[in-house]
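Heads up: the structure comes next, in C-alpha cells.
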Amino acid sequence: MSPSAPRLLWRELCLFDGLTTLAEPINLLVADGKVAGLWPTRLFPEAMAEGAVEAGRGGVMTPGLVDCHTHLVYAGNRAAEFEQRLEGASYAEIAKAGGGILSTVRATRAASEDELLAQSLPRLQALLDDGVTTLEIKSGYGLSSADELKMLRVARRLGELLPLRITTTLLGAHALPPEFAGDSDGYIALVCNEMIPAAVAAGLVDAVDVFCENIAFSPAQCELVFQAAQRHGLPIKVHAEQLSNQGASALAARYQGLSADHIEFLDEAGVQAMAAAGTVATLLPGAFYTLRETQLPPIALLRQYAVPMALASDANPGTSPICFPTLTLNQACTLFRLTPREALAGMTAHAARALGRADLGRIEVGAPADLCLWDVQQPAELAYAVQPGRLRQRIFNGAISYSKEANIHAR
C-alpha cells in the first residue's frame, strides 16, 4: 500500500483476531498496509477517524484465510480414479497400478508453463473468492528437475497476477517417477544433489516437503532430503502418518520441521516430539473425506500436548479436489470434531505458523492488514454453514481487493 493510499476505518466489528473472538464490538484502522489501531467501539477516539475512509460497518472480521497446504498447480484431473475408488479400489492399489500421483505427473509434464498457468488460475480464484490471502503451493507433479522448476515458476507467476501472498514448497520426493523404477535411492540423490540446488539457485523455493509412506519414500530417504534442505537454509515439512505410522512426524520434529501434515496415524510419541520442537500439526479433512478414511487424527492428544493445529484444503487433483476453504472449516468440525474456534484459528494464526510466517494470520497492531469482512453474525457461522458468497470484503496488504457491494454495482 503506497503512502498516499487512504487510511481505512471499519466500525462496530465482531472481530476474530486469529485465536479468539474479542468480547465487544471493535473499530479497526488500517494505514500503510498494516493494522494501525484496534479499539472497543465505545472507547474509539473519534479524532482517529479524521481523514480516514469508512470502509465498512458491522459484520465479522477475521484475518485473511491462510491455506498452508495445497497442490494447486497441475494439469488434467482424476475423475476416473474417483469412480474407481467408489467401485472399491483403494488409494494404494490405484497408485501401484500407475494411477494416482503418476497420472497427474504425465499430464503435468506434457503441459507447457502457460497451459499450467491457465489451468491453475480458476482454482486460485476460487480460493480468493472464499477469503484466502496467503497460500502455499507445492510442486511434486513434475518429478524431474526441469518439470519441478516449471511448476514452481508457475506458482510464482500466480502470485504476480493476483493479490495474495504465495509461498512455494519443493515436493520433489512426492512419488517415484517411472524412469527411476526400482531405484528410489537414485531418485532421492537427484532430489538432494540436483533438484534442490537448482530451485534455490533460481530463487523459486521457500521450503522442502517429502511424502514419507510405504507407497512413497522411507524415513531414511526422507532424512537425506531434510539434510539437503538444511544445507541450503530451507525449512522442511512432511506428509506424515497418512496411511501408516512411519515415525515421520517425530523425524521432522528433529529437524525443527514447520509442520507435519495429514497425521491420521500419528502416535503419542510423535505428538510429544512435535510439541517439543514447535512443529505444527496440519489437518487435511478434505483428503480424509474424499478417500473415505476411518482413522481419525489424534485430536485429543494434540490438545493435551498443546500442539498447534493448522487446517488446509490440500487442494489437489486426486484426493482433495476442493477449492472452498470454508467447506474445509466445516469438514474439520464435522469429521474431526474441532470446535469452530479451533478450525478458524487453524486456517489463520496456526496455518501461518505452519508456513513460518507468524506475522500473518493475526489481527493485531503492526500486523500486515490481510483481512476478511464476512456477512455473518458470529465467526462460528463460517464453519457451521456450507455456503458461498458470504465474503463482503477481502483486504490484502491494506487495500480492498474485493468488495461485494462494488461487484454487485458493476453488474
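Only heavy atoms go into these numbers, but all of them, side chains included; no hydrogens, no water, no symmetry mates.
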| message | Would C212 and F217 count as a side chain to side chain contact (heavy atoms under 4.5 Å, CB included) here? Give the steps. | response | CA-CA 5 Å; C212 187; F217 299 99; over 6 Å; no

| query | Can you check whether Y289's main-chain N or O pairs, donor with acceptor, with E293's side chain at less than 3.5 Å? | reply | no

| Under 4.5 Å between any side-chain heavy atoms of N330 and Y384, yes or no? | no

| query | Cut-off 3.5 Å, side chains only: do T167 and E136 have a donor facing an acceptor? | reply | no

| query | With side chains defined as the heavy atoms from C-beta onward, is the minimum distance between L135 and L127 less than 4.5 Å? | reply | yes

| Any side-chain heavy atom of S90 within less than 4.5 Å of one from R85? | no

| request: State whether E342 and R303 are salt-bridged, where the test is any N-O pair (Lys NZ or Arg NE/NH1/NH2 against Asp/Glu carboxylate O) under 4.0 Å. | output: yes

| said: Tell me the closest heavy-atom pair linking E179 and L143, and the distance in Å. | reply: OE2-O, 4.1 Å

| Donor-acceptor under 3.5 Å (E241 side chain, Q246 main chain) | yes

| said: Using every non-hydrogen atom in the two residues, find where H232 and P197 come nearest and quote the distance to one decimal. | reply: NE2-CG, 3.6 Å

| message | Closer than 4.0 angstrom, basic N to acidic O: yes or no for D206 and R156? | response | yes

| query | Does Q242 reach the main-chain N or O of E264 with its side chain, forming a donor-acceptor pair under 3.5 Å? | reply | no

| Distance-only, no hydrogens or angles: does the E81 side chain make a donor-acceptor pair with backbone N or O of I94 under 3.5 Å? | no

| query | Just wondering, do T108 and M151 contact through their side chains at under 4.5 Å, heavy atoms? | reply | yes

| R157 bridged to D114 by N-O distance under 4.0 Å | yes

| request: Could you walk me through whether Y74 and Q119 pass side chain to side chain donor-acceptor pair (under 3.5 Å), step by step? | output: CA-CA 7 Å; Y74 60 86; Q119 291 189 44; over 6 Å; no

| request: Kindly say whether L9 contributes a backbone atom to a donor-acceptor pair with the side chain of E54 at under 3.5 angstrom? | output: no

| Are R390 and D375 within salt-bridge range, i.e. N to O under 4.0 Å? | no

| query | Side chains of D17 and T20: do they bring a donor and an acceptor to under 3.5 Å? | reply | no

| task | Check whether any side-chain N or O of Q393 sits under 3.5 Å from a backbone N or O of G56 as a donor-acceptor pair, and report yes or no. | result | no

| query | With a 4.5 Å limit on heavy-atom distance, are the side chains of I263 and S249 in contact? | reply | yes

| note | Output for pair (Q230 CD, Q256 CD), nearest 0.5 Å, gives 9.0 Å

| Derivation and outcome, side chain to side chain contact (heavy atoms under 4.5 Å, CB included), residues L373 and V60 | CA-CA 6 Å; L373 184 63; V60 169; 6.0 Å; no

| field | Salt-bridge contact E113-K150 (side-chain N to carboxylate O under 4.0 Å) | value | no

| field | Derivation of the side chain to side chain contact (heavy atoms under 4.5 Å, CB included) call for C14 and V376 | value | CA-CA 9 Å; C14 174; V376 298; over 6 Å; no

| query | With a 4.5 Å heavy-atom cut-off, do L301 and L266 have their side chains touching? | reply | no

| field | Heavy-atom donor-acceptor pair, E223 side chain to A220 backbone, under 3.5 Å | value | no

| Closest non-hydrogen atom pair between L8 and G398, with its separation | CD1-O, 3.5 Å

| field | Lys/Arg N to Asp/Glu carboxylate O, D32 vs K34, below 4.0 Å | value | no

| request: Considering non-hydrogen atoms only, spot the tightest contact between L176 and A181 and give its length. | output: CD2-CA, 4.1 Å

| note | Correct closest heavy-atom pair for L360 and P368 would be CD2-CG, 3.7 Å

| said: Distance check, rounded to the nearest 0.5 Å: H69 atom NE2 versus D261 atom CG? | reply: 5.5 Å

| request: Taking E83 for its side chain and A80 for its backbone only, find out whether a donor-acceptor pair lies under 3.5 Å. | output: no

| said: Can you confirm whether P163 sits close enough to N397 that some side-chain heavy atom of one is under 4.5 Å from a side-chain heavy atom of the other? | reply: no

| Nearest-0.5 Å distance, CE of residue M61 to CG of residue L371 | 5.0 Å

| field | Side-chain donor or acceptor of T133 paired with backbone N/O of L164 under 3.5 Å | value | no

| query | Would you call F16 and I363 a side-chain contact if the rule is heavy atoms closer than 4.5 Å? | reply | no

| field | Euclidean distance, M309 CE relative to T282 OG1, rounded to 0.5 Å | value | 11.5 Å

| Cationic tip of R109 within the cone over Y141's six-membered ring, i.e. under 6.0 Å and within 45° of the normal? | no

| query | Do N27 and E12 get their side chains close enough for a donor-acceptor pair, meaning under 3.5 Å? | reply | no

| query | Which value, rounded to the nearest 0.5 Å, describes the distance between M347 atom CE and T134 atom OG1? | reply | 12.0 Å

| request: Please work out which of the three classes, parallel, tilted or perpendicular, describes the rings of F336 and F288, given edges at 30° and 60°. | output: perpendicular

| Sub-3.5 Å donor-acceptor pair from the side chain of T279 to the main-chain atoms of S259, do we have one? | no

| query | Hey, what do you get for CZ (F82) to CD (Q84), rounding to the nearest 0.5 Å? | reply | 12.0 Å

| request: Start with the C-alpha gap between D67 and T70, add the side-chain angles, then the distance that decides, and say whether side chain to side chain donor-acceptor pair (under 3.5 Å) holds. | output: CA-CA 7 Å; D67 198 345; T70 84; 5.8 Å; no

| task | Taking all non-hydrogen atoms of both residues into account, name the closest pair between T328 and A312 and its distance. | result | CG2-O, 3.4 Å

| task | Assess whether side chain to side chain contact (heavy atoms under 4.5 Å, CB included) is satisfied between L19 and R362, documenting all intermediate values. | result | CA-CA 8 Å; L19 294 175; R362 296 295 309 275; 3.4 Å; yes

| query | Out of K237, K138, H174, which one pairs with D209 under the side chain to side chain donor-acceptor pair (under 3.5 Å) rule? | reply | K138

